[in-house]
Visitor: 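Quick one: structure below, then a few questions.
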Amino acid sequence: MKQNKRNLKLLNFLNKSRKKRPGKKRRIFASAVLAGNLLFGNLRTDYGKPQNYSNPTLTHEKVISAQELNSLDDSRNSGQIVRTGNGTILEFQEEVSNASSNKILSEHNLHEPDDIILVKDDGILPGAEGFTPNNNPRRRHPFGRPRMRGRGITVDPPQNIQGLGNIPEGPKVRSFREVDAGRGNRGDQCPAPEFDMKKEYGNFMQEISKKGYELECSQERFNELSTNPQTGSPDEKSLIEAKGGLQGEAQGMYTNIRRPSNKAVDLDFEIDSSKGYTHVDYKTPIDFQYLADNKGIDVSNFPSLETVAYNMGKKIPPQKEEFCGLPGGPKSPENVLHVVNLDLIRDSNQKQNMIDSVLKGAEDKSDNTAGIYFLNYL
Amino acid sequence: MNNNLQSIIGNLEKGDKLELGNNEKFSNEIVLNQSLQCSVLGGINFVNLTFKNIDFTGSFFSKTIFENCRFSNVIFRKSEFWSCTFLECQMTESNLTRAEFNSSTFKNCEFLNSNLRASNFMDFEFRETIFKNSNLDLILVEDVKVWKSDEWIQIKDFSSFEKLLIDNNSD
């Protein structure tokens with residue numbers, strides 16, 4: 001009960017951070033959630049059974065920007081930073097009192113309260129002599145930590161969860177014959193879905209503003225991005241992709257997002273990026289538990305979200321290669337960015353599990369988790 | 001439970017998605033001219049259904065069985081299939097580009113003039129299934145087996161896939 005209360009407080013804090021500072025870009029790392037999970041012993045590694053972490057190894061840190069530092073001056077957000085013996089930095093929410101944090105520290109055999117210090121600079125901790133801040137540029141991404149590696153976390157492969165059977169590494173079959181977009185691509189006889197694009201645009205701009213992002217996007221551009229390049233009409237799926245794509249742009253992941261100039265390059269968008277990305281593809285997993293809670297759907301008829309995420313991660317590396325070399329396509333897999341938009345997933349712990357599973361899948365497939373970002377991960 | 005799929009679709013309000021997941025069974029229906037993008041279906045059994053001019057783009061199907069169904073000009077683009085079974089089905093002039101099939105089976109199925117470009121098959125089984133005049137460019141295959149001559153043959157490369165599943169003599 002007490003543990004749940006603490007988790008709730010942490011979530012409240014994160015939600016509060018999300019809502020305030022309208023118009024400013026927010027930068028809070030998902031590591032805060034993970035740190036909370038580790039601290040409060042609520043991390044699940046086998047998708048079902050709660051694990052008992054009596055002596056956790058804390059390996060995640062929070063690096064903050066100058067902008068976020070300014071917000072720390074705000075009394076509503078003056079979270080405390082704790083450095084542990086191994087140089088790990090943890091942030092406590094404001095509601096966790098010194099006494100509480102001392103208790104947590106002692107429960108987990110962490111350091112004495114003199115390790116509790118306040119952040120005074122851009123990720124550098126005065127008084128943290130002897131602790132070398134991590135200068136890995138991937139941890140100092142301008143729009144927040146784009147990807148997390150599930151270090152120290154064991155994720156069971158999906159075959160143990162859903163009884164899908166062993167999925168060994170199998171051969172990949174690829175063909176590079178000429179693109180034939182004619183067969184089975186008619187679609188013109190299917191009724192086009194109807195949308196009030198003005199309303200969709202208004203709602204989206206309101207939503208993006210509520211999330212604290214600034215976005216310059218005209219109705220016309222919104223309509224263009226929401227148009228399925230294969231059919232030339234706006235549709236539900238393209239609308240979802242456009243909303244994620246524009247939020248990614250608002251967060252500074254890339255600029256000038258647009259639909260591919262060559263239809264044969266069947267990735268969601270073309271982009272400009274200082275990191276060399278030229279194309280981006282969006283994944284937006286569904287929250288089955290939401291359907292169970294709100295539509296009375298039997299969730300046992302669906303795979304676990306971790307299974308979905310693991311397979312998603314496993315497919316990402318080969319998908320990056322799919323359209324390379326085509327006219328107007330990416331030159332190499334490194335030019336393709338995959339963004340997993342977790343906007344529909346309600347539970348923060350679930351989001352964290354999914355992040356770990358996606359990365360685990362990609363790593364198992366190719367030993368490479370580069371070019372995978374997460375959106376709405378808190 | 002045996003409902004009528006047409007009436008369920010007809011009762012959807014504007015903006016509603018088709019979301020079914022309680023082991024419903026639908027049989028002997030013809031479903032025509034519907035936009036059902038981003039549907040979510042789990043544990044559904046479709047028997048003797050004809051789907052014509054249906055747009056299922058971006059939908060999610062789980063533990064769903066399609067038995068003796070006919071699909072004509074159906075769009076499954078960017079849809080996901082998990083633990084689904086297609087038995088004695090025929091897909092004609094259909095769009096399955098970038099569809100993802102996971103832990104599923106096609107048995108005695110036929111694809112005619114359909115587009116499966118850049119679709120993904122993972123942990124998949126084909127039995128007596130054939131692709132005629134269909135586009136399979138850029139497909140990704142992992143752990144795919146084909147039942148042939150009373151044994152499972154693991155697909156190792158595109159040529160074996162082509163040899164076992166694609167009918168190049170049709171037009």
Side-chain angles (χ1 to χ4, degrees), chain A residues 159 162 164-195 228 230-231 235-238 240-241 264 266 284 286 288 291-292 295-303 307-308 311-312 314-315 318-319 322-323 365, chain B residues 14 17 19-23 33-35 37-38 40 42-43 53-55 57-58 60 62-63 73-75 77-78 80 82-83 91 93-98 100 102-103 113-118 120 122-123 133-144 154-158 160-162:
Chain A
Q159 57 267 30
Q162 291 291 316
L164 297 178
N166 215 6
I167 305 178
E169 286 294 314
K172 183 177 70 179
V173 174
R174 299 192 60 191
S175 159
F176 290 96
R177 286 180 294 160
E178 287 222 347
V179 172
D180 176 1
R183 286 171 291 192
N185 254 5
R186 296 184 344 203
D188 51 344
Q189 292 168 20
C190 292
E194 289 174 25
F195 289 103
N228 181 341
Q230 308 288 326
T231 63
D235 61 34
E236 184 79 32
K237 181 71 177 164
S238 303
I240 292 168
E241 291 163 359
D266 202 355
T284 312
I286 305 161
F288 304 120
L291 295 177
K295 306 278 171 87
I297 279 173
D298 181 359
V299 79
S300 72
N301 280 323
F302 294 92
T307 305
V308 171
N311 273 21
M312 186 185 286
K314 226 174 161 188
K315 287 173 194 164
Q319 284 175 350
E322 268 183 321
F323 303 100
K365 180 67 185 172
Chain B
K14 193 180 173 187
K17 293 183 184 114
E19 291 161 331
L20 302 168
N22 289 321
N23 306 309
N33 308 326
Q34 301 288 343
S35 178
Q37 287 202 359
C38 303
V40 183
N53 303 336
I54 309 293
D55 186 354
T57 298
F60 195 101
S62 177
K63 293 187 184 173
N73 192 38
V74 173
I75 304 175
R77 179 175 160 75
K78 293 186 178 179
E80 286 186 54
W82 287 77
S83 306
M91 279 206 201
E93 301 281 354
S94 291
N95 181 344
L96 294 94
T97 51
R98 295 195 60 192
E100 297 189 5
N102 304 275
S103 308
N113 303 322
S114 291
N115 191 350
L116 292 94
R117 185 172 185 261
N120 285 205
M122 186 184 267
D123 185 22
N133 195 31
S134 293
N135 186 348
L136 288 150
D137 286 348
L138 305 177
I139 61 167
L140 294 172
V141 176
E142 179 164 332
D143 191 24
V144 168
Q154 190 85 26
I155 295 286
K156 290 196 167 58
D157 49 38
F158 188 77
S160 58
F161 188 90
E162 195 171 28

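Residue numbers begin at 1 in each chain, while the letters A, B, ... track the order of the sequences.
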Visitor: Can a salt bridge be assigned to the pair B:Arg77 and A:Asp266 using a cut-off of 4.0 Å between side-chain N and carboxylate O?
Guide: yes
Visitor: Under a plain distance cut-off of 3.5 Å, with no hydrogens placed, do A:Asn311 and B:Glu100 share a side-chain donor-acceptor pair?
Guide: no
Visitor: Is it the case that B:Asn102 and A:Lys315 place a side-chain donor and acceptor less than 3.5 Å from each other?
Guide: yes
Visitor: Would you give the length of the straight line joining atom CD of A:Glu322 to atom CG of B:Leu140, rounded to the nearest 0.5 angstrom?
Guide: 4.0 Å
Visitor: With rounding to the nearest 0.5 angstrom, report the OG to CD1 distance, B:Ser62 to A:Ile297.
Guide: 11.0 Å
Visitor: Please report the interatomic distance CZ(B:Phe60) to CZ(A:Phe302), rounded to the nearest 0.5 Å.
Guide: 7.0 Å
Visitor: Could you state the interatomic distance from CD (A:Gln230) to CD1 (B:Ile75), rounded to the nearest 0.5 Å?
Guide: 10.0 Å
Visitor: Can you say whether A:Phe288 sits under 4.5 Å from chain B via the side chain, the backbone, both, or neither, judging by heavy atoms?
Guide: side chain
Visitor: With a 4.5 angstrom heavy-atom cut-off, is it the side chain or the backbone of A:Val308 that approaches chain B, or both, or neither?
Guide: both
Visitor: If only atom types and distance count, is the side chain of A:Asp298 paired as donor or acceptor with the main-chain N or O of B:Gly21 below 3.5 Å?
Guide: no
Visitor: Hey, is the main chain of A:Lys237 close enough, under 3.5 Å, to the side chain of B:Gln37 for a donor-acceptor pair?
Guide: yes
Visitor: Quick one: pull up OG1 in A:Thr284 and NZ in B:Lys78 and give me the separation to the nearest 0.5 Å.
Guide: 9.5 Å
Visitor: If you measure from NZ on A:Lys314 to CG on B:Asn120, what distance do you get to the nearest 0.5 Å?
Guide: 12.0 Å
